[in-house]
Student: 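I have a structure here, written as structure tokens, and I will follow up with some questions on it.
We count ligands from 1, going down the list as the structure has it; atoms in each ligand are counted the same way.
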Amino acid sequence: MRTDIITIFPQMFDTPMSEAMIGIAREKGALDLHVHDLRDWTHDRHRTTDDEPYGGGPGMVMKPEPLFESVRAVSSQDPVEPHVIFLTPVGETFTQGLAEELATYDRLLFVCGRYEGFDERAYELADRRLSIGDYVLTGGELAAMVVVDAVARLLPGVLGHENSTQDESFTTGLLEYPQYTRPAVFEDMNVPDVLRSGDHGRIAAYRRECALRTTARLRPDLLMNFEVTEHEQSIIDDELGRSPRD
Ligand code: 6GU
């Protein structure tokens, strides 16, 4: 997958997008990442990318001209049309489901916002606007890295085990069950016996119960649209200290 990023802080991407799994994805050629400096498409001495808002108010607004010029120029660097994503807190919330959808595109182009936001007309360039959650960051750069990270690890050949994303949190709809490794006893804390029993049926049932309990306690909202059996509902009720139904 080719991925382009347009930002006024290209250096912010240097280390996070070169280390660990993303670095390996790039070395393998699974991720072809290009970071572009928005100021390359300004024409004044100060390389200005922002201006005061019409109607007044605090902060600065990203000017439309460099955004239009850069998105058009970067798009035409490759014959594949990119899916264009603007990063802004005024966007749809990014989820694992969206990461899976974005991983199916051949090319993504991220535009990072700074200041108080984009001139509204720049959204003409956007296929979608994404936020990474209900809090405000100083800019879209960290958000773009979060999205690239979540998408890149889903690309074929990036993860060691092809199915290592299958059981994980949000893919199943539940938070993930707890994991343990050696030693079996550490500072009086034991690994649950069932995990050392070799009984794969009991292990799967134990993990499912843990996932249901953790999700009920920490993220009850995830259970709203989640189908459970009668037995599983009784586990959830028990975890939440409710008396069993009828
Ligand atoms: Cl994409 N940008 C900014 N500035 N803040 C955010 C965000 C994006 N997503 C969550 N908060």
Student: Could you walk me through whether Gln77 and His34 pass the side-chain hydrogen bond (donor to acceptor under 3.5 Å, both in side chains) test, one step at a time?
Tutor: CA-CA 11 Å; Gln77 287 179 2; His34 301 256; 5.3 Å; no
Student: How far is atom 3 (C) of ligand 1 from its nearest protein heavy atom, and which residue and atom is that?
Tutor: Pro89 CD, 3.4 Å
Student: Can you tell me if Phe226 has over 12 outside heavy atoms packed within less than 6.0 Å of its CZ?
Tutor: yes
Student: So if I count the atoms of ligand 1 from 1 in the order they appear, which ones are less than 4.0 Å from some heavy atom of Leu130?
Tutor: 1 (Cl)
Student: I need the atoms of ligand 1 closer than 4.0 Å to a non-hydrogen atom of Leu87, numbered in the order shown.
Tutor: 1 (Cl)
Student: Using heavy atoms and a 4.0 Å limit, tell me yes or no: is Gly113 in contact with ligand 1?
Tutor: no
Student: Does Asn225 have more than 12 heavy atoms from other residues, nucleotides or ligands lying within 6.0 Å of its CG?
Tutor: no
Student: Purely on distance, is any nitrogen or oxygen of Tyr135 under 3.5 Å from one on ligand 1?
Tutor: yes
Student: Only one of Asp32, Asp4, Asp127 clears salt bridge (Lys or Arg N to Asp or Glu O under 4.0 Å) with Arg107; which?
Tutor: Asp4
Student: Taking CD in Glu227 as the centre, count heavy atoms belonging to other residues, nucleotides or ligands within less than 6.0 Å. Is the count above 12?
Tutor: no
Student: Which residue holds the protein heavy atom closest to atom 1 (Cl) of ligand 1, what is that atom called, and what is the gap in Å?
Tutor: Thr88 N, 3.2 Å
Student: Count the heavy atoms belonging to other residues, nucleotides or ligands that lie under 6.0 Å from CG of Asp44, then report whether that count exceeds 12.
Tutor: yes
Student: Which ligand 1 atoms, with their elements, are less than 4.0 angstrom from a heavy-atom of Gly139?
Tutor: 2 (N), 3 (C), 4 (N)
Student: Please name the pair of heavy atoms, one in Val151 and one in Leu108, separated by the smallest distance, quoted to 0.1 Å.
Tutor: CG1-CD1, 4.4 Å
Student: Quick one: nearest non-hydrogen protein atom to atom 5 (N) of ligand 1, plus distance?
Tutor: Leu137 N, 3.0 Å
Student: Looking only at heavy atoms of Asp134, does any of them come nearer than 4.0 Å to an atom of ligand 1?
Tutor: no
Student: Could you tell me, atom by atom, which parts of ligand 1 come under 4.0 Å of a heavy atom of Ile132?
Tutor: 9 (N), 10 (C)
